[in-house]
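Accompanying notes for the structure given below.
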Amino acid sequence: MADALRHQSSDIPDFDTYPATPGASERLLPETASEARFGSTLEDRAYRLGEAAGRAIVRIRDLRRLIRGRARDMNAGASQKLSEMSDSARSKLNEVTDTAQSTLHDLKDKASARAEDWKLTARERFGEARRQVRHNMYRARIRVRELERDHPVEMALGAGAAGVVVGAALRIWRASRA
């Protein structure tokens with residue numbers, strides 16, 4: 001069977017000069033002067049080493065606190081700067097939006113005015129074309145009356161020929177649809 005593991009606790013140190021261990025009480029005081037000198041020097045060095053380690057740990061803790069404080073300050077500064085940038089961006093966006101809306105409104109007004117102009121121009125041109133058609137129809141009627149008066153037989157024959165052509169065209173069209 002495996003050997004039982006020895007349980008070590010941080011409360012009980014593992015060195016032989018601990019007073020609870022048997023035989024250690026005699027070793028607490030140095031026996032000779034040379035041993036006393038060596039022990040005090042060793043203790044002195046251990047004391048200084050512990051003191052230096054303690055100072056280093058305190059400095060590390062202070063440095064951590066300082067870094068955390070600066071990080072908080074930087075975060076606060078960054079948050080403030082980000083907030084300022086956000087406000088600036090919002091104001092610029094509002095300016096651009098206002099400018100775009102006013103430009104759009106101006107363009108709508110110009111387009112509406114131009115549409116009205118085109119509408120009036122179209123009405124004028126349509127009225128002019130209608131007057132021109134009426135005038136041409138009037139002249140054509142006058143010319144037909146003159147031809148009827150001057151050449152009545154030729155007019156009757158022409159009307160008959162036109163009737164025959166129109167009738168034939170209608171007959172052909174009707175036959176192609178059926």
Please enumerate all residues that pass side-chain hydrogen bond (donor to acceptor under 3.5 Å, both in side chains) together with Arg149, with sequence neighbours excluded. none

CG of Leu66 to CG of Leu63: how many Å apart, nearest 0.5 Å? 6.0 Å

Give me each pair satisfying side-chain hydrogen bond (donor to acceptor under 3.5 Å, both in side chains) with a member in residues 157-178, each pair once, sequence neighbours excluded. none

Taken in chain and number order and not counting sequence neighbours, the residues that satisfy salt bridge (charged side-chain N to carboxylate O under 4.0 Å, His left out) with Arg143 are Glu146

State which residues pass side-chain hydrogen bond (donor to acceptor under 3.5 Å, both in side chains) with Arg55; sequence neighbours excluded, sorted by chain then number. Glu51

Below 4.5 Å, heavy atoms only, C-beta onward: do Arg114 and Trp118 meet side chain to side chain? yes

Members sharing Met155's hydrophobic cluster (side chains within less than 4.5 Å): Val144, Leu147

Using a strict 4.0 Å threshold on nitrogen-to-oxygen distance, state whether Arg145 and Glu148 make a salt bridge. no

For Arg125 and Glu128: C-alpha separation, side-chain torsions, deciding distance, then whether salt bridge (Lys or Arg N to Asp or Glu O under 4.0 Å) applies. CA-CA 5 Å; Arg125 287 187 181 175; Glu128 182 66 31; over 6 Å; no

Please table the atom pairs, donor to acceptor, closer than 3.5 Å between any side-chain atom in residues 92-112 and protein atoms at least two apart or in another chain.
unit_1, atom_1, unit_2, atom_2, d
Asn94, ND2, Arg90, O, 3.4
Thr97, OG1, Leu93, O, 2.7
Thr99, OG1, Glu95, O, 2.8
Ser102, OG, Asp98, O, 3.3
Ser102, OG, Thr99, O, 2.9
Thr103, OG1, Thr99, O, 2.8
His105, NE2, Asp109, OD2, 3.4

Heavy-atom pair with the smallest gap, counting every atom of Ser91 and Ser88: OG-O, 2.8 Å

Could you tell me whether the side chain of Met137 reaches within less than 4.5 Å of the side chain of Val133, counting heavy atoms only? yes

Could you give me the CA-CA distance, side-chain angles and deciding distance for Asp62 and Arg65, then say whether salt bridge (Lys or Arg N to Asp or Glu O under 4.0 Å) is met? CA-CA 5 Å; Asp62 289 345; Arg65 285 186 197 128; 3.3 Å; yes

